[in-house]
Amino acid sequence: MNIESIYLLNFRNYSEQYIELDPGLNIFYGENAQGKTNIVEAVYLLTMGKSHRTNKYNELVKWDENDTRIRIRFKKEDFQYDIDYMLKRNQKKQIKVNDIRLDKLSDIIGKLNTVIFSPDHMKIIKEGPSERRKFIDSILSQTKPKYYYNLSQYLKVLAQRNILLSSDKNNSIEKYLDIWDNQLVDYGSKIILERQLFISEIDKKAWEINKELSGGRENFHLRYMPSVAENKHDIKDIKEAFEKKITESRAVDIKRGTTNYGPHRDELNLYINDKEVRNYGSQGQQRSALLSLKISEMDYIKDEIGSMPILLLDDVFSELDKTRQGFLISFIKNVQVILTCTEYENLYLGDKSGYKVFYVKSGKVYSE
Ligand SMILES: Nc1ncnc2c1ncn2[C@@H]1O[C@H](COP(=O)(O)OP(=O)(O)O)[C@@H](O)[C@H]1O
Ligand SMILES: [Mg+2]
């Protein structure tokens, strides 16, 4: 899959910009605060329907303007797609795919496939479980529309249930809880099963990549620690275990005013040689672990959708040492890459042939 062109109108610090990309490597360089990440953000926005760095859509519109527009033309399996994203301040977004308007904005997810990698993603390794759940959810949402649906339904039900739990307690609460619990278990169990399958796939891939990256010295493993139904691999068993747990914990849930068990509390643990990477990994090991996860993510998406996603490397490539740069370059031979950096002279590009260099300055892109 590859992007042919990006058109930006009043997006962030861009007034009007048209960029034609190389099917291989695209390097955007320039000083800080010039608009490099804004380009990555535009591509991500059309991948997931939301920005990777803000939930406030108005921020995306150029300060002195009222509406923004992004148009990306890309090819996937010999089909050409145009995604047109239009956003007016404080109004509903509008998205068109090949000139046909989407009824549901979330239908945009899964059309354009990308893997994003920025220094911020170190959080996946270093911070709490919600970052790792986000990692899982964004990949599964891109590749399985049903997963995205189940997850958003689950989160809606969860929010409703929590409102009920934290409201004035009276006798009728139990009756309503029954209804929410049923739905919570139903959507939640499907999520648990998908996460299980996903993690066992990624575990195999990441183990192999990390093995090579570490010269055979490291055993990198992922372990899914669901909040309920651990070691259950059948949807019926998962449901049963979840149901049991939620019934048992009802009194505590009511007392604390929140839902204490379910996929929103799942953990994903990462280990190198049986030690948790987050607490015991060296900085080098942590970087390798993240790189392995990101390469696995690309490979997983390729397996699922049948073509390689586009790789967005925001400010991260120059941070890798030569060995890791070389490793990544060898993996992405046939991948379209959008890479941002402040200087590109010292990047190790191996035999990556065919690339385009763009200079970014004050919301303008100059092709070199
Ligand atoms: N809505 C907006 N309107 C105009 N300029 C914006 C808007 N949002 C961000 N900017 C500007 O965009 C620049 C940051 O762009 P960014 O792509 O993050 O920079 P970098 O090149 O460092 O990656 C800053 O100069 C910021 O002031
Ligand atoms: Mg940046």
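One-based numbering along the sequence shown. Quick caveat: nothing in here was measured; it's all calculated off a predicted structure.
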Polar side-chain atom of [X] near backbone of [Y] as donor-acceptor pair, under 3.5 Å:
| X | Y | result |
| --- | --- | --- |
| S141 | S138 | no |
| T47 | N113 | no |
| Q285 | V277 | no |
| N269 | L222 | no |
| Q142 | T114 | yes |
| K111 | D107 | yes |
| S296 | A206 | yes |
| D186 | N182 | no |
| K36 | G30 | yes |

> N260 and side chain to side chain contact (heavy atoms under 4.5 Å, CB included): which partner among K255, R250, K245, R265?
Replying inline: R265
Between [Y] and [X], does any NZ, NE, NH1 or NH2 come within less than 4.0 Å of an OD or OE carboxylate oxygen?
| X | Y | result |
| --- | --- | --- |
| E208 | K205 | no |
| D266 | R133 | no |
| R161 | D181 | yes |
| E267 | R132 | yes |
| D99 | K96 | no |
| E248 | K244 | yes |
| R256 | D253 | no |

Side chains of [X] and [Y] only: does a donor on one sit below 3.5 Å from an acceptor on the other?
| X | Y | value |
| --- | --- | --- |
| N10 | D67 | no |
| R53 | Y44 | no |
| N58 | N90 | yes |
| R217 | N210 | no |
| N273 | Y271 | no |
| Y7 | E16 | yes |
| T259 | N162 | yes |

> Does F11 have R69 sitting over its ring (NZ/CZ under 6.0 Å from centre, angle to axis within 45°)?
Replying inline: no
Are more than 12 heavy atoms, taken from residues, nucleotides or ligands other than [X], located less than 6.0 Å from that residue's [atom1] atom?
| X | atom1 | value |
| --- | --- | --- |
| K364 | NZ | no |
| K76 | NZ | yes |
| D64 | CG | yes |
| E368 | CD | yes |
| Y176 | OH | no |
| K356 | NZ | yes |
| D274 | CG | no |
| R89 | CZ | yes |

>> Using side-chain heavy atoms (C-beta onward) and a distance below 4.5 Å, is N66 in contact with K88?
In response: no
> Side chains of P263 and R195: does their closest heavy-atom pair fall under 4.5 Å?
Replying inline: yes
> Partners of Y57 by ring-ring contact (aromatic ring centres under 6.0 Å, His included), sequence neighbours excluded?
Replying inline: none
>> Are F198 and Y300, when compared by the centres of their aromatic rings, separated by less than 6.0 Å?
In response: yes
Quick one: sort the [X] and [Y] rings into parallel, tilted or perpendicular, breaks at 30° and 60°.
| X | Y | answer |
| --- | --- | --- |
| Y154 | H264 | tilted |
| Y81 | F74 | parallel |
| Y359 | Y29 | tilted |

>> Please list all pairs meeting side-chain hydrogen bond (donor to acceptor under 3.5 Å, both in side chains) that have one or both residues in residues 314-325, counting only residues at least two apart or in different chains.
In response: T37-D314, S288-R324, D314-T340, D321-R324
>> For S51 and E41: C-alpha separation, side-chain torsions, deciding distance, then whether side-chain hydrogen bond (donor to acceptor under 3.5 Å, both in side chains) applies.
In response: CA-CA 6 Å; S51 161; E41 185 180 34; 2.7 Å; yes
>> Nearest 0.5 Å, please: how far is NZ in K123 from CD in E131?
In response: 5.0 Å
